Amino acid sequence: MPRDSWIADLHIHSRYSMACSRDLELPNLAYWSRRKGISLLGTGDFTHPAWFAHLQENLVAAEPGLFVLGSSIEHRLPSSLPREPTRFMLSVEISTIYKRDDRTRKVHHLIYMPDFESAARFRESLLRAGCNLSSDGRPIIGLDSRDLLEITLEASADAFLVPAHIWTPWFSALGSKSGFDAIAHCYADLAEHIKAVETGLSSDPEMNQRVSSLDAYQLVSNSDAHSPQALAREATAFTCELDYFAVRAALATGVGLAGTIEFFPEEGKYHGDGHRDCGINWTPAQTREANGICSVCGRPVTVGVLARVEDLADRAQPVSSGKSVTHLIQLHEVLGEIEGVGPKSKTVEGKVNALVAALGPELDILTSVPISEVAAAGGELLAEGVRRLRAGKVTRVPGYDGEYGVIRLFEPDELHVGGDTLFDVPVVEKVVPPKRTVARKVTAPRKPVSAPPLPTAASPHEPFEPMLAGMEEVGTGLLDRLDAMQRVAASAPGGPLLIVAGPGTGKTRTLTHRVAYLCAEMNVYPEQCLAITFTRRAAEELRHRLGGLLGPVAKDVTVSTFHALALSLIREREPGFEVTDLDELMPKAVALLRDQGMEKRWPWVFVDEYQDVDPYQYELLRLLVPPDGNICAIGDPDQAIYSFRGADVQFFLRFSHDFTDARVVRLTRNYRSSAPIIAAAVQAIAPASLVPGRRLDPAKVDLEAPLIGRYTAASAADEAAFIAKKIDELVGGTSHRTKADVRGMTGASLSFGDIAVLYRTDAQAAAIVEALSRASIPVQKRSHDRLRDRSSVKAVVAELRLDNGLTGSISARLKATAQKLEQWEAADLLMPLAQRCGNDLERFLADVSTGAEVDALDPRAEAVTLLTLHAAKGLEFPVVFLAGCEDGLLPMRFPGRPPSEEDLAEERRLFFVGLTRAQRRLFISHSVRRMTFGGERDARPTPFLINIDSGLLDELGESSPRRPRDQQLRLL
DNA sequence: GAGTTGTGCTTTTTT
DNA sequence: AGCACAACTC
């Protein structure tokens, strides 16, 4: 290292991070930095609320963008150390877990902020995106890396991001398990903002310099310390000014960046390949020879950093950047080896203290203190050890599969008492091939590596649907992509048509293809078609998919919710009608149509979810369609779950009676779920099915399909803990390495967004949110949050529209309105849109009303979805947890009020809906005790389980011990 | 005004 | 069930 350089360690953690020492508080960090010889330390963990407060309380501003400890720690330090206080820089490591291109990605990032205000903005953006920052100092969030970078850059123009330990297999940008093949892929269109990468403990610059795509980046090293003692075990040396902006510039250009202090890469936990549990420790060549399969357990070995580097390397030899590289092992490890005791022992601690008091900072002792002085203070053996260390003459046993490697300075017999043989034993030379570095003077910034164009995270990955070129051109093959019964339904002639579509049988697909078929091949005009749904979401989905099939003419099809349709019919007859009570809309529309005669504008009417129509909606349909008219109703009576708000499944069941000569088509081929899930669902609904001869046939045949997991919990908290643990396994571990559960996941992998937890009542959510948050698993309760967001946005917009006294740009008016209503979050959300609209209020109002605009402004983090069974209808997830499957909860029972047969049947349908949301994995859980109706009581599993063949269920453990009462009964 | 009786509670979408 | 609250009665 150049003499005038200073040392920075810009990746550490606080006491609030998982598996980190409780001693990680600012005074201790300052103390240990001084002992180690660090001038600049990252604070780590600034997104954590408690640590953020601790930082604000204890730090005072120093050089631009840097801070120092407000209180003095000089009294704790020996006088041998320079009296310069340690500077701090706001830093945090963030773990992103998300899905891109159908693969789960887990990438760690280091983020730096120049001031507390920017850091606070950054925290708020993450909170707004739905991230949980409280349970771990290193938060796990469901955002795409690219989106995280965007949020970073938005928080401050001076903020920057450095990909962390880029080679580790499980959690990094280039990791073999869940990363990318180039840094640029990871950050997509924002990749140019990445200037430096952290090489991590298991790789050193030489290894990185065999990968030409990394030439574009400065290489930095940090300790990733989980305890104060580990500070500066790796570090970066600078020669620039000691301030945030100079450091940022040095990391961007290399000017002022002197080099790095490194582990011998073999010491890293993931350097080599192997299996820790099987005792297999292989070189990449050995792994290749064994085809990657562990000779002990037969499973693929964990492929380490060295192999990954070789995979991506496009040079046989490294091309040096000219930066200094210093390989070290820590002083306490050197002393531990010499003394024959543990590196964390009291003996070693005492020796280190004495050496620091005599010679100064640990790093100086290891790198620059004259050997004679080391010998004088620490003895000949230590001096020889340090001499060998500085010469790189060490023995290396590589680390693998999470096991640290071992670096030794001496052979065991050299350390025997007597010491005579010490200098006679040949020293083991470096194992790595001699380097042939090419000197390079220029460190000017280079162009980032070119990467193939990537879909950005913002663009949804919609399934490809070919577009019909035009109305006149017959869409040959339009129906080719349907199965036999879907085709029968889609191409049926006019007249009443009822499609009984079981879950996952392609209901929307069939409906959209029918519309497209009629328009493209049967001379039906799109404007003659009316498609009615219950929810805006369903309407949007229908519109979108029709657009994909029909192209531009799709917009001529009227797609509307029942309520929107009612409103427009009323407005045509009573211009200027304002929206009063939502419940009034349907009756009023029906009354008007009844008085004024049938509405004949749409000769072709399509109704989604027909099993959920209520008497008014039914009446409206009768007024839109004559008994022999072209009505196509689609739905599934076994999914009728809305009787509590007036829906009546009888309308579905008597369709053929209401509409003459109705054709009935049944869709039974299920494309959604695995065979065991489908079998269980059919068995569960059978006793109360409203579909004669109910059947569902799995389209996928997978003999490996996992069974349905069943868990008996001791309490609601235990059930929630089970769900949290299982989710951690399913995503292959969130922080520490968990035993991954990859069953049923051929060719794909899982992330948080693929997982849903369903329950009967909203009250159940609290325990689950609590357990998942504690496990750092991001969660979102659907609908609730969104509704709140949307309503506050609406309030702001309504106020903005009303207040004519306000003048100036929309953004200025928005600001004023936000102040008035104290709706800061909503205003923040709308601000970019407002700025785009300038002074055009109409455009602003129109854009807001589409809703999609608002959604697009709010990049939501991927998260496990929590929702009620009712809210889950129409959705599907690769993994579903069905929680609280207990008698009394599902089916819901009110004490003292026995449920009617019809009530029970609807609860059973709710269970059926829940089961059929799952694609690949389904977990059913119930607790033996549960709080209900103000008291905790015993609970039995839902009686609906009785109908499911026990061979389909996989008992995942009974956490509750047999109750004492039962044991006593046995004894009697 | 104090005391009594009755009701609802879960699920939730729609301009 | 068991509580909160509204609508009764005296």
Side-chain angles (χ1 to χ4, degrees), chain A residues 532-541 559-572 574 576-590 607-609 611-614 616-617 620 639-647 758-766 781-788 790-791 793-795 797-798 801 845-846 848-851 866-875 883-884 886-900 902-914 930-939:
Chain A
I532 311 172
T533 65
F534 281 83
T535 66
R536 299 192 324 175
R537 196 184 68 217
E540 273 161 31
E541 164 94 3
V559 181
S560 171
T561 64
F562 270 108
H563 284 80
L565 176 66
L567 184 70
S568 72
L569 289 171
I570 295 167
R571 283 214 176 124
E572 279 171 11
E574 292 182 9
F577 175 84
E578 256 314 308
V579 182
T580 47
D581 186 353
L582 289 174
D583 296 335
E584 304 282 293
L585 283 177
M586 290 304 305
K588 189 169 172 64
V590 166
V607 194
D608 197 14
E609 306 277 18
Q611 78 281 359
D612 284 331
V613 294
D614 69 19
Y616 289 112
Q617 290 157 343
L620 184 73
Q639 294 182 73
I641 54 171
Y642 279 109
S643 71
F644 73 90
R645 60 174 200 221
L758 314 186
Y759 40 79
R760 178 62 176 86
T761 71
D762 205 48
Q764 293 168 253
K781 265 177 76 179
R782 251 188 95 253
S783 79
H784 284 268
D785 289 348
R786 294 232 128 170
L787 225 57
R788 184 155 37 81
R790 205 158 53 211
S791 64
V793 165
K794 276 183 179 176
V797 173
R801 188 207 299 258
L845 295 175
V848 170
S849 68
T850 61
L866 265 55
L867 69 181
T868 62
L869 285 164
H870 283 91
K873 197 168 80 148
L875 305 177
E886 290 146 32
D887 198 8
L889 198 52
L890 182 64
M892 193 72 170
R893 285 185 209 273
F894 294 90
R897 222 161 307 167
S900 69
E902 190 35 52
D903 289 340
L904 278 175
E906 182 140 326
E907 295 288 321
R908 186 184 284 276
R909 292 196 288 267
L910 213 41
F911 186 57
F912 178 68
V913 166
R930 170 97 48 192
M931 281 283 287
T932 39
F933 300 107
E936 199 190 51
R937 56 203 86 225
D938 285 352

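Within every chain, numbering begins at 1; the chains are lettered A, B, ... in the order of the sequence lines, protein sequences first and strands thereafter. What you see is a predicted model; the values in this text were computed from it and never measured.
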message: Could you work out, with ring pair (Phe, Tyr, Trp, His ring centres under 6.0 Å) as the rule, every residue matching A:F534, not counting sequence neighbours?
response: A:F562
field: Interatomic distance where CZ belongs to A:F534 and P belongs to B:dT13 [whole Å]
entry: 13 Å
message: Using whole Å, what does the distance between atom C1' of nucleotide C:dA1 and atom CZ of A:R893 come to?
response: 15 Å
- request: Could you pull out all residues at least two apart from A:P899 that satisfy side chain to side chain contact (heavy atoms under 4.5 Å, CB included)?
  value: A:R893, A:D903, A:L904
query: In whole angstroms, how far is the P atom of B:dT14 from the CD atom of A:E540?
result: 10 Å
- line: Residues at least two apart in sequence or cross-chain that pass side chain to side chain contact (heavy atoms under 4.5 Å, CB included) with A:T535, listed by chain then number, are A:R537, A:A538
message: side-chain contact (heavy atoms from CB on, under 4.5 Å) for A:D612 and A:Q617? Distances and angles first, verdict last.
response: CA-CA 9 Å; A:D612 284 331; A:Q617 290 157 343; over 6 Å; no
message: What is the separation between atom CD1 on A:I641 and atom P on B:dT10, rounded to the nearest whole Å?
response: 17 Å
- request: Kindly give the heavy-atom pair with the smallest separation between A:L585 and A:L567, and that separation in Å.
  value: CD2-CD1, 3.7 Å
statement: Looking only at B:dT11, B:dT12, B:dT15, the nucleotide nearest the A:A871 side chain is B:dT12
statement: Stem ranges of DNA chain B by first residue number, counting only runs of at least 3 Watson-Crick or G-U pairs under 3.5 Å, come to B:1-9 with C:2-10
message: Without decimals, in angstroms, what is the distance between A:L620 CG and B:dT15 P?
response: 14 Å
Side chain to side chain contact (heavy atoms under 4.5 Å, CB included) against A:A905, all qualifying residues, sequence neighbours excluded: A:A688, A:E902, A:R909
Rounded distance in Å - OH (A:Y616) to P (B:dT15): 19 Å
- line: By salt bridge (Lys or Arg N to Asp or Glu O under 4.0 Å), A:E907 pairs with (sequence neighbours left out) A:R760
statement: Which of C:dA1, B:dT14, B:dT11 is nearest the side chain of A:T535? It is B:dT14
Show me the protein contacts with nucleotides 3-5 of chain C, counting only N or O atoms at under 3.5 Å.
none

message: Just to verify, what does A:F644 make a ring pair (Phe, Tyr, Trp, His ring centres under 6.0 Å) with, not counting sequence neighbours?
response: A:Y642, A:H870
query: Under the salt bridge (Lys or Arg N to Asp or Glu O under 4.0 Å) test, which residues partner A:R930, sequence neighbours left out?
result: A:E719, A:E886
message: What is the distance, to the nearest angstrom, from the NE2 atom on A:H870 to the C1' atom on B:dT10?
response: 8 Å
message: Of the listed nucleotides (B:dT15, B:dT12, B:dT10), which one gets closest to any side-chain atom of A:T761?
response: B:dT10
- prompt: What does A:F644 touch in the nucleic acid at a heavy-atom separation under 4.0 angstrom: a base, only the sugar-phosphate, or nothing?
  reply: base
task: Mind calculating the distance between CG (A:L875) and P (B:dT13) to the nearest angstrom?
output: 11 Å
query: What pair of heavy atoms forms the shortest contact from A:G884 to A:L890, and how long is it?
result: O-CB, 4.1 Å
message: Side-chain N or O of A:T932 versus OP1/OP2 of C:dA1: is the shortest distance under 4.0 Å?
response: no
message: Ignoring hydrogens and geometry beyond distance, is the side chain of A:R645 in donor-acceptor contact with the base of B:dT12 at under 3.5 Å?
response: no
query: How far does the C1' atom of B:dT10 sit from the matching atom of C:dC3, given to the nearest Å?
result: 16 Å
